[in-house]
S.K.: 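Sharing a structure below in structure tokens format, with a few things to ask.
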There are 2 protein chains.
Amino acid sequence: MDESQLRQIRRFNRLVTRRVGALETNYLRRGRPLAEARLIFEIGADGVDVRTLRSRLGLDSGYLSRLVQSLKAQGLIELAKGGGDGRRRRVSLTRKGSAERAAYDRLSDRLAASMLEALDEAERGRLATAMGEVERLIRAASVEVAAEAPNSGDARRCLDAYFSELAARFEGGFDVAKDDSARADDMAAPSGLFVLARLDGDAVGCGGLKRTGKATGEIKRVWTAPSARGMGVARRVLRTLEAAARDMGLRTLRLDTNRALTEAHALYNKEGFRQIARFNDNPYADHWFEKRL
Amino acid sequence: MDESQLRQIRRFNRLVTRRVGALETNYLRRGRPLAEARLIFEIGADGVDVRTLRSRLGLDSGYLSRLVQSLKAQGLIELAKGGGDGRRRRVSLTRKGSAERAAYDRLSDRLAASMLEALDEAERGRLATAMGEVERLIRAASVEVAAEAPNSGDARRCLDAYFSELAARFEGGFDVAKDDSARADDMAAPSGLFVLARLDGDAVGCGGLKRTGKATGEIKRVWTAPSARGMGVARRVLRTLEAAARDMGLRTLRLDTNRALTEAHALYNKEGFRQIARFNDNPYADHWFEKRL
DNA sequence: TCCATTGTCTGACTTTAGTCAAGCATCGGC
DNA sequence: GCCGATGCTTGACTAAAGTCAGACAATGGA
């Protein structure tokens with residue numbers, strides 16, 4: 001790993017924890033313990049399960065319970081039984097709590113403005129751009145791609161989202177029933193593989209590998225959630241599948257794609273896939289690719 | 001102020017405090033209170049005055065004193081009388097303390113490496129570049145430019161550094177005695193102005209304004225410390241002086257510069273100064289500029 | 001139906017972080 | 001050689017943050 005890159009990251013980490021972190025922690029408490037302030041922020045407009053809060057903030061359940069009671073005593077939140085599971089509690093902001101949150105929002109804006117004050121217009125633009133880039137790449141770096149059963153809840157949700165996107169983007173719509181090229185069990189281990197990309201626990205992408213011959217496999221269902229685009233998720237999914245294919249002893253990888261999916265087209269080219277002649281009768285395919293491993 | 005820029009900064013702040021900040025604070029404590037860990041980091045290889053630590057970390061003197069005693073009890077640091085002033089205490093790391101610090105260094109490297117792991121080479125490069133840009137601009141934004149007596153300690157140090165840089169860069173060297181165009185009191189209020197740029201309390205740049213006629217002034221001694229270059233310090237100094245000139249009722253600003261100072265040349269052009277004919281007999285000047293206010 | 005698991009709550013703690021005021025030695029200027 | 005200011009230390013606090021174990025109810029699969 002490049003020494004100068006490590007040094008740059010360390011410098012950045014220190015600057016940012018000391019400058020931004022210190023400001024955030026001092027500014028945003030509004031005379032209230034920081035943990036409570038963070039909680040108000042995290043609860044948001046729609047309410048959350050206590051369970052979710054606990055894992056998101058990484059707090060001890062006893063500690064969190066007390067924080068929640070304290071906010072309730074202040075009239076800032078309400079507690080209700082959570083949906084299906086009678087053990088769960090759902091917290092949501094009261095009117096007063098929302099007002100408090102709005103006040104934090106304003107403070108947060110003021111803080112951001114104070115970081116821009118001394119800069120001129122050109123520098124502000126550059127700062128915003130560079131921050132956007134850092135943000136995107138840090139998030140990209142914390143995406144985890146791992147094998148998952150293709151019929152798990154998250155996997156199904158990804159595939160459904162993928163299919164409805166295809167239905168919206170393909171000229172003649174899309175009907176899974178007409179595309180029998182990859183059923184769930186085709187992509188199940190050991191003859192295939194299905195992977196999910198997760199960002200902070202949420203599924204944000206997927207992809208599958210299906211064995212089609214002794215040394216041939218096919219890539220299917222590569223998809224990225226709209227919220228995670230531009231972060232290289234699809235590329236990582238593709239590379240993970242490719243590595244698995246190598247491990248399975250495959251020598252050739254194939255895939256097909258529709259002309260409407262221009263990003264996919266570009267990705268496959270960039271990753272070394274070359275366009276070949278039609279190799280299947282998928283009614284939705286316009287282009288066929290192959291890569292020798 | 002641009003709404004989308006504010007939003008970008010808020011998103012960035014949140015991501016970075018939660019991801020980087022949380023990691024730093026949890027990773028780097030090594031079973032020790034965070035405050036102590038930070039102290040070890042801040043003491044560094046050469047040792048520091050307790051006084052300096054206090055202002056750098058913004059700690060209460062009683063609190064800091066106890067932290068220091070605790071580290072001493074653990075055999076990590078030594079306390080000695082500080083140089084000239086018998087009231088001061090100087091702390092330095094023992095062998096054991098240095099080892100501890102090295103362990104923090106390794107952890108910090110590992111943390112940085114973990115942020116790069118999932119990225120490919122191109123993305124790593126982009127991340128490092130963007131982080132560098134964010135760092136530079138955040139630092140730039142926290143530079144403060146303010147009036148200062150041209151004979152204060154910090155002002156003298158800046159001017160001396162400026163003069164020795166000129167001596168090193170000018171073809172025939174530089175001797176202040178031969179340049180009587182701006183003595184300290186020429187730049188003192190109310191007929192002139194001297195400003196210092198500070199970053200975290202350290203002087204990192206300076207510049208002076210000297211009245212040369214009823215409606216004419218001259219900019220002198222604009223300098224940026226090497227550690228703070230590329231952050232727009234000189235530009236801000238220049239703009240501050242220009243604003244002061246306007247307030248003093250001046251209509252014309254002039255300045256001269258040596259051909260060796262190419263960055264200065266570029267800056268003056270960019271800030272709207274136009275090259276004019278020689279207007280003084282400064283032996284070190286090669287170019288003369290003017291700007292109508 | 002039983003039972004291990006999960007989600008939440010409560011009580012009883014400890015540690016960390018930080019504040020405030022008083023005290024002592026040293027300094028710098030007069 | 002006096003005196004107010006400065007640098008550090010000490011004692012006596014408080015609040016925030018966090019841990020751990022036990023209790024209880026709801027859940028979900030055997």
Side-chain angles (χ1 to χ4, degrees), chain A residues 17-18 21-22 24-43 47-74 77-92 152-153 201, chain B residues 17-18 21-22 24-43 47-74 77-92 153:
Chain A
T17 41
R18 289 195 36 188
E24 285 252 316
T25 47
N26 294 324
Y27 244 63
L28 298 185
R29 54 209 311 161
R30 286 185 34 89
R32 175 186 336 273
L34 187 61
E36 288 184 10
R38 270 212 302 250
L39 221 48
I40 294 178
F41 229 96
E42 205 63 44
I43 289 172
V48 219
D49 282 1
V50 171
R51 173 72 236 258
T52 314
L53 279 180
R54 194 164 65 233
S55 73
R56 271 226 284 264
L57 296 173
L59 298 174
D60 173 86
S61 64
Y63 182 32
L64 177 57
S65 178
R66 249 178 287 264
L67 288 172
V68 165
Q69 299 303 330
S70 158
L71 288 180
K72 190 182 166 195
Q74 294 170 55
I77 61 171
E78 282 168 337
L79 267 176
K81 299 243 170 204
D85 191 329
R87 289 167 302 183
R88 297 204 171 187
R89 292 273 170 287
R90 191 170 186 78
V91 280
S92 52
S152 77
Chain B
T17 40
R18 291 200 28 194
E24 283 255 314
T25 46
N26 294 324
Y27 243 64
L28 299 185
R29 53 208 313 161
R30 285 183 37 87
R32 169 184 343 271
L34 188 62
E36 288 185 9
R38 271 212 302 249
L39 220 49
I40 293 178
F41 226 97
E42 206 64 45
I43 289 172
V48 219
D49 283 1
V50 171
R51 175 69 236 258
T52 314
L53 279 179
R54 194 164 65 233
S55 71
R56 271 225 284 263
L57 295 173
L59 298 174
D60 172 86
S61 65
Y63 182 32
L64 177 57
S65 179
R66 247 177 288 262
L67 288 172
V68 165
Q69 299 302 331
S70 158
L71 288 181
K72 191 182 167 195
Q74 295 170 56
I77 61 172
E78 283 169 338
L79 268 176
K81 300 242 169 206
D85 191 330
R87 289 166 302 182
R88 296 204 172 190
R89 292 274 170 285
R90 192 170 185 78
V91 280
S92 52

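Chain letters run A, B, ... following the sequence lines, proteins first and then strands; every chain starts at 1.
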S.K.: For the pair made of CZ in A/Arg88 and P in D/dG28, what is the distance, rounded to whole Å?
M.R.: 10 Å
S.K.: State, with a plain yes or no, whether a side-chain heavy atom of A/Lys72 is found less than 4.5 Å away from one of A/Val91.
M.R.: no
S.K.: Between B/Arg18 and A/Glu42, is there a side-chain N and carboxylate O pair less than 4.0 Å apart?
M.R.: yes
S.K.: Looking at B/Asp49 and B/Thr52, would you say the former's side chain and the latter's main chain have a donor-acceptor pair under 3.5 Å?
M.R.: no
S.K.: For the side chain of B/Thr25 and the backbone of B/Gly21, is there at least one donor-acceptor N/O pair under 3.5 Å apart?
M.R.: yes
S.K.: What's the separation between atom CZ in B/Arg54 and atom CG in B/Leu67, rounded to the nearest 0.5 Å?
M.R.: 12.5 Å
S.K.: To the nearest Å, how far apart are B/Leu39 CG and C/dG18 P?
M.R.: 12 Å
S.K.: Which is true for A/Arg66 with a 4.0 Å heavy-atom rule: it touches a base, it touches only sugar-phosphate, or it touches nothing?
M.R.: base
S.K.: Could you state the CG-C1' distance from A/Leu59 to C/dT8, rounded to the nearest angstrom?
M.R.: 14 Å
S.K.: Let me know the distance between CG of A/Leu57 and P of D/dT19, rounded to the nearest Å.
M.R.: 13 Å
S.K.: What about B/Arg87, does its side chain sit under 3.5 Å from the base of D/dT6 through a donor-acceptor pair?
M.R.: yes
S.K.: I want to confirm an ordering. Mapping B/Gln69 and A/Lys81 to their closest nucleotides on DNA chain D, which one lands closer to the 5' end?
M.R.: B/Gln69
S.K.: How is A/Val50 classified with respect to the nucleic acid when contacts are heavy atoms under 4.0 Å: base, sugar-phosphate, or nothing?
M.R.: sugar-phosphate
S.K.: For A/Arg90 and D/dA26, what is the distance between atoms CZ and C1' respectively, to the nearest whole Å?
M.R.: 18 Å
S.K.: Nearest whole angstrom, please: distance from the P of D/dA17 to the CG of A/Asp60.
M.R.: 14 Å
S.K.: Output yes when at least one side-chain N/O atom of B/Arg29 is less than 4.0 Å from OP1 or OP2 of C/dT16, else no.
M.R.: no
S.K.: Select base, sugar-phosphate, or nothing to describe what B/Asp85 touches, counting heavy atoms under 4.0 Å on all strands.
M.R.: sugar-phosphate
S.K.: Could you give the CZ-to-C1' distance, from B/Arg51 to C/dT26, as a whole number of Å?
M.R.: 15 Å
S.K.: Base, sugar-phosphate alone, or nothing: which one does B/Leu64 contact when heavy atoms must sit under 4.0 Å apart?
M.R.: nothing
S.K.: Whole-Å distance between C/dT8 C1' and A/Tyr63 OH?
M.R.: 17 Å
